[in-house]
Number of protein chains: 2
Amino acid sequence: MTVRHDVHSSGIPAYCLSCQARRRGLCSALDPDRLAKLAKTSSRHSVEPGVELIGDAEALNSYSNVLSGVVKLTKSLSDGRQQIVGLQFAPDFLGQPFKAKSAIHAEAATTVSLCSFPKAAIEQMMKQSPELEHRLLRQTLNELDEAREWMVTLGCKTAPEKVASFLLMIARNIGSSVGPAARSACFDLPLTRADISDFLGITNETVSRQLTRLRMDGVIRIENNRRVTVDSMSRLEQRCGGRRPGRNRPIYET
Amino acid sequence: MTVRHDVHSSGIPAYCLSCQARRRGLCSALDPDRLAKLAKTSSRHSVEPGVELIGDAEALNSYSNVLSGVVKLTKSLSDGRQQIVGLQFAPDFLGQPFKAKSAIHAEAATTVSLCSFPKAAIEQMMKQSPELEHRLLRQTLNELDEAREWMVTLGCKTAPEKVASFLLMIARNIGSSVGPAARSACFDLPLTRADISDFLGITNETVSRQLTRLRMDGVIRIENNRRVTVDSMSRLEQRCGGRRPGRNRPIYET
DNA sequence: CGTTTCCTTGAGTCGTCTCAAAGGCTGTGG
DNA sequence: CCACAGCCTTTGAGACGACTCAAGGAAACG
């Protein structure tokens with residue numbers, strides 16, 4: 001299985017060898033021959049923040065791996081209210097394999113680099129190799145799990161807890177951890193205050209107030225409105241709610 | 001494809017022939033031989049409301065098709081706050097194929113009848129037939145879509161809109177439609193007020209007040225606290241939010 | 001028939017929203 | 001390099017919606 005194919009199956013482009021998607025993404029489900037075949041049809045792009053990747057009800061003609069940056073998935077009501085229903089980080093797979101009943105909208109939140117494939121190429125390969133579909137099932141199950149996890153935040157938590165939970169989620173996804181055991185973290189916020197408010201189901205004024213409060217309380221530092229430093233992850237975790245005050249670990253009780 | 005196998009592949013139990021899961025559920029992915037094989041390991045149960053089907057962090061030793069009734073999927077914070085993250089109706093498939101990172105809890109909301117299989121039987125069959133895994137992927141994508149749809153309700157809508165949206169969702173899933181073009185509907189609420197409040201992220205008092213309001217306004221009628229009649233589905237839809245007042249259809253604008 | 005659980009209704013409080021204005025980045029053109 | 005415009009963010013004051021607490025009523029259960 002893990003025999004070295006590097007030498008003779010030279011059809012694999014060099015950039016695949018160091019690609020995140022090859023190691024941890026969808027491409028990891030492909031054997032070298034299939035990867036080489038798929039790679040021939042691939043192309044890399046970089047898109048600026050705000051660019052629409054999948055439009056509401058719009059036909060999608062390609063699938064992509066996210067290589068860097070953050071993509072926001074949104075849904076909106078026709079009166080303008082909007083909800084961010086998911087964020088995608090590298091090496092997530094972007095695209096709706098079988099169109100869902102309801103429309104979704106994908107937009108680059110930061111500068112995003114993508115590796116795109118024609119829709120047909122992926123779909124054909126999926127028919128041939130169950131491994132690929134299996135990998136897709138796993139990612140979908142993961143997204144479902146994340147969506148449900150976030151439903152708890154949306155439905156149960158207070159505004160301060162929501163903002164803390166958001167920061168923690170971002171720190172875990174794109175934070176460069178500093179210190180032993182990731183006791184602190186540092187990152188650029190991929191979303192504006194307005195985006196964060198759409199994600200958390202609160203107003204941007206409330207987001208701003210809660211960030212200020214976390215800053216005043218010394219839980220985080222903010223530079224240039226974007227760069228966030230979390231000095232103590234555990235203090236941030238305490239503010240996410242769901243833990244009995246004074247306890248650090250969940251208590252299993254019946 | 002649709003050649004009659006009834007006669008010679010007599011290994012299929014009679015109860016499968018009229019089963020919802022065979023027609024629209026997971027079993028529809030199986031050819032007669034495989035269905036017969038799987039059916040040998042299956043068993044039917046009926047469970048009362050409140051019975052736990054999948055416990056938090058508990059090993060799940062079987063998968064099931066929901067044949068009737070409603071199952072609620074919940075997640076909770078350790079301080080007791082709880083969120084219903086999904087409802088399952090017949091012929092949904094119940095069980096976590098590959099355990100998710102976060103724990104989920106499943107409980108019968110009404111009397112539920114199930115058709116259960118040993119975990120191993122399903123997993124083995126899934127390896128053999130990609131069709132089955134494909135069907136599972138489709139259901140998972142559907143559930144993801146529903147979860148995201150509900151996130152919009154949780155994050156964007158007001159309490160009156162949430163309650164109206166909930167009633168509409170239930171009516172569409174288990175309502176017996178009356179009149180032409182499903183202009184009205186009738187059903188038993190599968191959830192208590194407390195459950196509904198856990199689903200909508202509001203308190204049960206608020207749920208009760210909003211139901212009263214819908215009743216006062218003549219949008220619904222309620223008998224015995226459980227039986228709901230919606231006389232005009234369109235009036236209910238208008239109360240779900242997201243439509244410009246005075247409009248019945250979505251407006252596509254750029 | 002009492003007990004329990006669920007549901008409804010009311011009154012007062014609190015959290016979040018709304019509206020408004022000022023402050024801080026960023027980029028552009030003079 | 002500075003002035004300006006535009007956008008995002010912060011902060012404040014007041015309003016409103018949903019929550020909390022509390023009590024009473026209605027089904028369901030043994």
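A, B, ... follow the sequence lines: proteins, then strands. Residue 1 opens every chain.
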Under 4.0 angstrom, heavy atoms only, what part of the nucleic acid is B/Gly50 near: base, sugar-phosphate, or nothing? nothing

The nucleotide from D/dA18, C/dT16, C/dT9 with an atom nearest the side chain of B/Thr158 is D/dA18

Between B/Asn225 and C/dT8, does any side-chain N or O lie under 4.0 Å from OP1 or OP2? yes

Take the protein atom CG of B/Leu211 and the nucleotide atom C1' of C/dT9, then report the distance between them rounded to whole Å. 14 Å

Which whole-number value in Å describes the distance from B/Arg215 CZ to D/dA26 P? 12 Å

Is B/Arg81 paired with A/Glu161 through a side-chain N to carboxylate O contact shorter than 4.0 Å? yes

Nearest to the side chain of A/Arg209 - D/dT9, C/dT18, D/dA18? C/dT18

Between A/Thr206 and C/dC17, is there a side-chain N or O to OP1/OP2 distance below 4.0 Å? yes

B/Arg226 has its side chain closest, among D/dA18, C/dC7, C/dT16, to C/dC7

Check the distance between C/dC7's P and B/Asp198's CG and give it to me in whole angstrom. 12 Å

Looking at B/Val228, B/Ile220, B/Thr206, which hits side chain to side chain contact (heavy atoms under 4.5 Å, CB included) with B/Leu211? B/Ile220

Which whole-number value in Å describes the distance from B/Leu189 CG to C/dC6 P? 15 Å

Would you indicate what B/Ser208 reaches in the nucleic acid, counting non-hydrogen atoms under 4.0 angstrom: base, sugar-phosphate, or nothing? base

If you find the nucleotide of DNA chain C closest to A/Gln210 and the one closest to B/Ala194, which residue's nucleotide is nearer the 5' end? B/Ala194

Rounded to whole angstroms, how far apart are CZ on B/Arg227 and C1' on C/dC7? 19 Å

Whole-Å distance separating the CG atom of A/Asn204 from the P atom of C/dC19: 13 Å

Take A/Ser116 and A/Ser43, measure what side-chain hydrogen bond (donor to acceptor under 3.5 Å, both in side chains) needs, and give me the verdict at the end. CA-CA 5 Å; A/Ser116 303; A/Ser43 62; 5.0 Å; no

Which nucleotide wins on minimum distance to the side chain of A/Thr192, given the candidates D/dA18, D/dT9, C/dT16? D/dT9

Side-chain N,O (A/Arg193) to OP1/OP2 (D/dC8) below 4.0 Å: no

Residue B/Glu205, side-chain heavy atoms: nucleotide from C/dC7, D/dC19, D/dA22 that is nearest: D/dA22

Here the distance between atom C1' of C/dT16 and atom CG of A/Leu154, to the nearest Å, is 15 Å

As a quick check of understanding, evaluate salt bridge (Lys or Arg N to Asp or Glu O under 4.0 Å) for B/Arg148 and A/Glu143, giving each step before the final call. CA-CA 10 Å; B/Arg148 286 175 169 168; A/Glu143 284 181 34; 3.0 Å; yes

Should we say atom CZ of B/Arg213 is surrounded by more than 12 heavy atoms from elsewhere, each under 6.0 Å from it? no

For C/dC17, does OP1 or OP2 lie under 4.0 Å from any side-chain N or O of A/Thr203? yes

Kindly point out which of C/dC17, D/dC19, C/dT16 is positioned nearest to the side chain of B/Ile202? D/dC19

Answer yes or no: does atom CZ of B/Arg183 have more than 12 heavy-atom neighbours from other residues, nucleotides or ligands under 6.0 Å? no

Would you kindly give the CG-to-C1' distance between A/Asp195 and D/dT9, to the nearest whole Å? 13 Å

Which comes earlier along DNA chain C counting from the 5' end, the contact point of A/Ala159 or that of A/Asn224, where each point is its nearest nucleotide? A/Ala159

